[in-house]
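In what follows, every heavy atom counts, from backbone to side chain, and hydrogens, waters and symmetry copies are set aside. Only a predicted model underlies this, so the values are computations on that prediction, with no experimental measurement involved.
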Amino acid sequence: SISIIGYNAAMYQFRLFSKNCEYTIWSIGYMAASKTQKMFLAKNICRKLRIPEFYTRKGLQAVARSGILESVPGPGGGYRLAKGVGNLSILKIIQSVDGKDTFNHCMMGLSRCGEKNPCEIHEVWAKAKEGLLRDLDSVSLNDLNSQGKSRKKSRILGKYNLAPKN
């Protein structure tokens with residue numbers, strides 16, 4: 001997270017994406033890294049990764065609705081990765097959890113900020129956002145699981161706090 005200078009961090013904190021989304025990315029990365037297990041229960045993923053189940057379930061449901069995961073109801077059910085999602089970009093996962101407009105808000109929290117009525121840092125955010133979206137679109141789910149194999153990808157994962165917890 002990035003705290004805005006001059007603001008109390010407890011009062012206002014800017015996040016690139018929600019904690020819910022962060023937990024979902026970790027969960028999907030964990031699922032993709034598993035060589036043996038194909039079906040996953042949310043509670044087991046959360047226990048293993050030490051993340052809150054309530055928020056993680058919401059994120060897993062969102063990505064299941066978007067087709068990234070398949071949800072299998074009933075005994076023996078759970079979640080499994082949909083076919084071919086290994087090359088899916090992290091940006092697409094973020095957008096499926098937090099919405100397509102997740103990066104289209106004002107960093108200052110102003111509701112009327114935009115091209116016609118920009119805030120003091122609108123131009124800076126617009127320029128930074130271009131690079132951010134490009135970076136996140138260049139990192140795939142497979143990249144989360146090949147830690148350190150590509151220096152560029154590793155830097156991007158660390159830069160946006162996407163590297164899995166140890």
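The 12-atom threshold is exceeded at CZ of Phe103, counting heavy atoms of other residues, nucleotides or ligands nearer than 6.0 Å. By the neighbour-count criterion of 12 heavy atoms within 6.0 Å, atom NZ of Lys129 is densely surrounded, having more than that number from other residues, nucleotides or ligands.
Side chains of Asp135 and Ser138: no donor on one and acceptor on the other come within 3.5 Å. For the residue pair Asn87 and Ser140, no side-chain donor N or O sits within less than 3.5 Å of a side-chain acceptor on the partner.
Legend: residues meeting side chain to side chain contact (heavy atoms under 4.5 Å, CB included) with Ala82, ordered by chain and number and at least two apart, are Glu70, Val85. With sequence neighbours excluded, the residues that form a side chain to side chain contact (heavy atoms under 4.5 Å, CB included) with Thr56 are Tyr23, Ser27, Cys46, Ile51, Leu60.
Note on Phe54: it does not cluster hydrophobically with Leu41, by side-chain heavy-atom contacts below 4.5 Å among ILVMFWY residues. One hydrophobic cluster, built from ILVMFWY side chains closer than 4.5 Å, holds both Leu132 and Ile121.
For the pair Leu110 and Arg112, the minimum side-chain heavy-atom distance is 4.5 Å or more. When side chains are defined from C-beta on, Lys43 counts as touching Glu53, because their heavy atoms get closer than 4.5 Å. Taking the side chain as every heavy atom from C-beta outward, Arg134 and Asp137 never approach each other to under 4.5 Å. Side-chain contact between His122 and Asn117 is absent, with no heavy atoms from C-beta onward closer than 4.5 Å.
Tyr79 pairs with exactly one of Ile68, Leu69, Ile28, Val63 by the side chain to side chain contact (heavy atoms under 4.5 Å, CB included) rule, that one being Leu69.
Ring geometry for His105 against Trp125 counts as tilted: the plane angle lies between 30° and 60°, on a 0 to 90° scale.
Residues Cys119 and Cys113 come closest through the heavy atom pair N-SG, 3.4 Å.
Formation of a donor-acceptor pair under 3.5 Å by the Asn20 side chain with backbone atoms of Gly59 is found in this model.
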